[in-house]
K.L.:
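Input: one structure, supplied below.
FYI, side chains are in, hydrogens and waters are out, and symmetry mates aren't considered; it's all heavy atoms of this structure.
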Amino acid sequence: MKSSEWKVVKLEDVCYFGNDKIETKMISLEDYISTENMLPNKGGISIASSLPSTKVVRMYEKNDVLISNIRPYFKKIWFARKIGGASNDVLILKGRNKKILDNKFMYYYLSQDGFFSYVTATAKGTKMPRGDKTAIMNYKINLPTIQEQENIVRILTSLDEKIEINNEINKKLEEMAQAIFKQWFVDFEFPNENGEPYKSSGGEMVESELGMIPKGWKVTTLDNIVNISTKSINPQNYAERVFEHYSIPALDNNKTPEIQMGKEIKSNKYLIDDNVILISKLNPNTKRIWKPIPQYKFAICSTEFIVYVPKENNIFYYVYEFINSDYFSEMLVSHATGSTGSRQRVKPKDTLNFKIYLPPVELMVKFSKAVKPMHDSISLKNLEIQKLVLTRDTLLPKLMSGEIRVPVEEEK
């Protein structure tokens with residue numbers, strides 16, 4: 001195929017903004033998309049916290065492309081797989097003709113940083129910039145034939161599907177590890193000396209200020225099992241050094257850290273290694289927990305994380321699953337300060353005073369050994385995800401510009 005078969009068109013030539021309506025009562029929290037539950041850095045969507053009070057909302061359909069029109073520099077975009085409703089601050093892009101534009105190709109084309117830079121540069125407003133719809137429709141795209149579009153989409157979709165499969169496997173493994181934690185340390189059905197579930201086999205329970213706990217356990221505070229690290233660095237002072245950057249947007253986007261030069265990172269960060277547990281201190285209603293597996297010499301994370309370091313390495317996975325538990329999440333929420341939503345924060349040092357009930361060390365060690373294989377599998381899958389994301393993000397601009405060509409069926 002000759003590159004002359006590609007043509008430059010304006011976005012308005014091949015798509016339009018959807019404005020059809022759907023009754024709010026016809027959609028669920030899983031189907032409602034607003035700028036709040038669209039994830040930054042092309043991370044897709046999460047479940048909405050509430051539905052709007054209006055009787056109708058704007059309707060999106062399967063294969064539409066949704067883009068948050070507030071603060072476009074957050075790069076929020078999603079390819080719809082179902083029918084649902086969206087807020088007025090979400091743009092719904094629909095293709096005009098399937099013989100000219102593959103909607104999934106449009107999604108990948110607009111996922112490029114160049115598009116979001118353009119929308120940000122042409123946005124209106126300063127404190128809460130919004131994309132200019134006219135300017136967006138004037139955005140120019142380099143469009144190959146529909147056959148080559150479909151082949152490009154096939155390549156990129158295959159990578160995304162592998163990423164999604166790995167994420168699903170990890171989700172199941174995380175659920176299994178948390179289920180064992182709950183069985184042992186919430187329901188108190190850990191194996192006794194005979195290998196039987198403790199509580200239901202008549203294990204002795206005693207009163208404590210946190211309720212009934214197994215005999216031999218004690219009530220203490222979180223600082224008995226973790227420290228908080230605040231060792232920081234200014235990457236700007238190491239302009240040509242390569243950093244592995246763990247950020248909240250990166251966590252939301254497939255748990256893949258960004259690889260950046262020091263000169264690209266604008267603020268102080270915490271130094272981390274593979275013996276820490278990161279949890280977001282922002283908006284604790286949305287659980288964000290991460291076990292880093294750095295592949296580069298210099299790893300850093302956002303100062304919006306609390307960096308927990310277990311005091312004993314042989315209880316690492318007990319500490320991780322405790323911090324990942326509903327019990328700990330509820331404590332974070334109850335101690336958050338600030339207004340509702342994303343402005344809520346938890347003070348890291350306050351968490352060290354959280355009252356907890358603590359099992360004997362040998363039981364925490366036994367649990368850590370039991371769930372370690374699950375976490376090892378999760379780490380391997382996360383490394384594979386990082387490689388797949390890097391491959392996809394490297395291929396994307398090359399495929400969209402025509403630097404790498406994909407043969408169409410007739411040429412094979």
Side-chain angles (χ1 to χ4, degrees), residues 29 34-41 43-50 68 70-71 73-76 89 126-129 174 178 221-236 243 245-258 260 265-273 276-292 299-311 319-356:
L29 292 174
S34 72
T35 189
E36 279 80 20
N37 68 310
M38 295 190 77
L39 302 176
N41 278 355
I45 59 171
S46 61
I47 297 175
S49 58
S50 62
S68 172
I70 294 181
R71 294 176 175 170
Y73 46 79
F74 282 131
K75 305 174 187 176
K76 296 181 178 182
D89 291 320
T126 51
K127 187 176 181 180
M128 189 77 74
E174 288 165 358
Q178 190 57 212
T221 50
L222 186 64
D223 64 350
N224 271 275
I225 58 172
V226 299
N227 292 314
I228 291 178
S229 174
T230 57
K231 186 177 181 180
S232 65
I233 187 173
N234 183 353
Q236 291 278 306
F243 287 91
H245 182 193
Y246 291 77
S247 66
I248 290 174
L251 171 57
D252 289 337
N253 185 19
N254 291 314
K255 293 187 177 181
T256 53
E258 298 175 83
Q260 295 177 295
I265 305 167
K266 305 303 181 186
S267 58
N268 282 17
K269 305 295 175 185
Y270 292 137
L271 280 169
I272 59 171
D273 56 27
V276 304
I277 299 161
L278 308 180
I279 192 164
S280 171
K281 64 184 179 184
L282 293 174
N283 184 20
N285 283 294
T286 301
K287 184 192 290 185
R288 291 184 173 101
I289 182 171
W290 202 352
K291 179 192 175 299
I300 55 175
C301 76
S302 165
T303 54
E304 297 294 0
F305 282 117
I306 305 173
V307 182
Y308 288 119
V309 185
K311 288 189 173 182
V319 176
Y320 177 92
E321 294 300 342
F322 175 77
I323 292 172
N324 192 34
S325 68
D326 291 341
Y327 176 78
F328 188 77
S329 294
E330 288 165 7
M331 285 196 292
L332 286 179
V333 171
S334 66
H335 285 78
T337 59
S339 57
T340 59
S342 60
R343 295 188 179 184
Q344 284 194 314
R345 274 181 168 79
V346 176
K347 294 179 181 178
K349 287 185 178 179
D350 287 354
T351 68
L352 294 177
N353 297 319
F354 286 175
K355 286 287 181 72
I356 64 172

K.L.:
Using the side-chain contact (heavy atoms from CB on, under 4.5 Å) rule, take Q344 and V333 through it: C-alpha gap first, then chi angles, then the decisive distance, then the call.
P.N.:
CA-CA 9 Å; Q344 284 194 314; V333 171; 5.7 Å; no
K.L.:
Between K269 and S267, do the side chains contain an N or O donor and an N or O acceptor separated by less than 3.5 Å?
P.N.:
yes
K.L.:
A side-chain contact here means heavy atoms from C-beta on lying under 4.5 Å apart; do H335 and K347 qualify?
P.N.:
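Side chain of H335 against side chain of K347, heavy atoms only: no contact under 4.5 Å found.
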K.L.:
Distance from I289 atom CD1 to N324 atom CG, nearest 0.5 Å?
P.N.:
4.5 Å
K.L.:
If we check side-chain contact (heavy atoms from CB on, under 4.5 Å) with C301, which of these qualifies: V276, L278, I306, L271?
P.N.:
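Result for side-chain contact (heavy atoms from CB on, under 4.5 Å) with C301: L278.
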K.L.:
Walk me through it: do R288 and D252 pass the test salt bridge (charged side-chain N to carboxylate O under 4.0 Å, His left out)?
P.N.:
CA-CA 8 Å; R288 291 184 173 101; D252 289 337; 3.0 Å; yes
K.L.:
Compare every heavy atom of T221 with every heavy atom of L352, then report the nearest pair and how far apart it is.
P.N.:
O-CB, 3.5 Å
K.L.:
Answer yes or no: is there a donor N or O on one side and an acceptor on the other, between the side chain of Q236 and the main chain of I265, under 3.5 Å?
P.N.:
yes
K.L.:
If you measure from OG1 on T230 to CG on N268, what distance do you get to the nearest 0.5 Å?
P.N.:
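The CG atom of N268 is 11.5 Å from OG1 of T230, to the nearest 0.5 Å.
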K.L.:
Once rounded to the nearest 0.5 Å, what's the spacing between atom NZ of K281 and atom CD of E304?
P.N.:
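Spacing of NZ (K281) from CD (E304) equals 5.0 Å.
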K.L.:
Got T351 and I228 here, is their nearest side-chain heavy-atom distance under 4.5 Å?
P.N.:
yes
K.L.:
Ion pair present between E174 and K255, side-chain N to carboxylate O less than 4.0 angstrom?
P.N.:
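A salt bridge links E174 with K255.
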K.L.:
Side-chain contact, heavy-atom cut-off 4.5 Å: K75 with P40?
P.N.:
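Of all side-chain heavy-atom pairs linking P40 with K75, none is under 4.5 Å.
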K.L.:
Looking at side-chain heavy atoms only, is the closest gap between H245 and P257 below 4.5 Å?
P.N.:
no
K.L.:
Ignoring hydrogens and geometry, is there a side-chain-to-backbone donor-acceptor pair from K76 to I70 under 3.5 Å?
P.N.:
no
K.L.:
Cut-off 3.5 Å, side chains only: do S329 and D326 have a donor facing an acceptor?
P.N.:
no
K.L.:
CG of N41 to CD1 of I248: how many Å apart, nearest 0.5 Å?
P.N.:
12.0 Å
K.L.:
Mark yes when over 12 heavy atoms from residues, nucleotides or ligands other than K349 sit less than 6.0 Å from its NZ; otherwise mark no.
P.N.:
no
K.L.:
Take V226 and K311 through the test side-chain contact (heavy atoms from CB on, under 4.5 Å) and record every step on the way to the result.
P.N.:
CA-CA 5 Å; V226 299; K311 288 189 173 182; 5.6 Å; no
K.L.:
Considering non-hydrogen atoms only, spot the tightest contact between F305 and S280 and give its length.
P.N.:
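Nearest pair, atom of F305 first, then S280: CD2-N, 3.7 Å.
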K.L.:
For a quick test of reading the model, state the closest non-hydrogen atom pair linking L332 to V346 and the distance between them.
P.N.:
O-CG2, 3.5 Å
K.L.:
Below 4.5 Å, heavy atoms only, C-beta onward: do Y270 and Y246 meet side chain to side chain?
P.N.:
no
K.L.:
Give a yes or no answer on whether the side chain of N37 reaches the backbone of S46 with a donor-acceptor pair at less than 3.5 Å.
P.N.:
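Confirmed, N37 side chain pairs with S46 backbone.
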K.L.:
Can you give me the closest heavy-atom contact between I300 and P235, atom names plus distance?
P.N.:
CD1-CG, 4.1 Å
K.L.:
Would a 4.5 Å heavy-atom cut-off, applied to side chains only, mark F74 and P249 as touching?
P.N.:
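They are not in contact (no side-chain heavy atoms under 4.5 Å apart), so the answer is no.
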K.L.:
For residues M331 and I356, report the shortest heavy-atom separation together with the two atoms involved.
P.N.:
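Scanning both residues, the minimum pair turns out to be CE-CG2, 4.3 Å.
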K.L.:
Parallel, tilted or perpendicular for Y308 and F328, by the 30°/60° rule?
P.N.:
perpendicular
K.L.:
Of all the heavy-atom pairs spanning Y320 and W290, show the shortest one and how long it is.
P.N.:
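Nearest pair, atom of Y320 first, then W290: CE1-C, 4.5 Å.
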K.L.:
How many angstroms lie between CG in N234 and NZ in K266, if you round to the nearest 0.5 Å?
P.N.:
11.0 Å
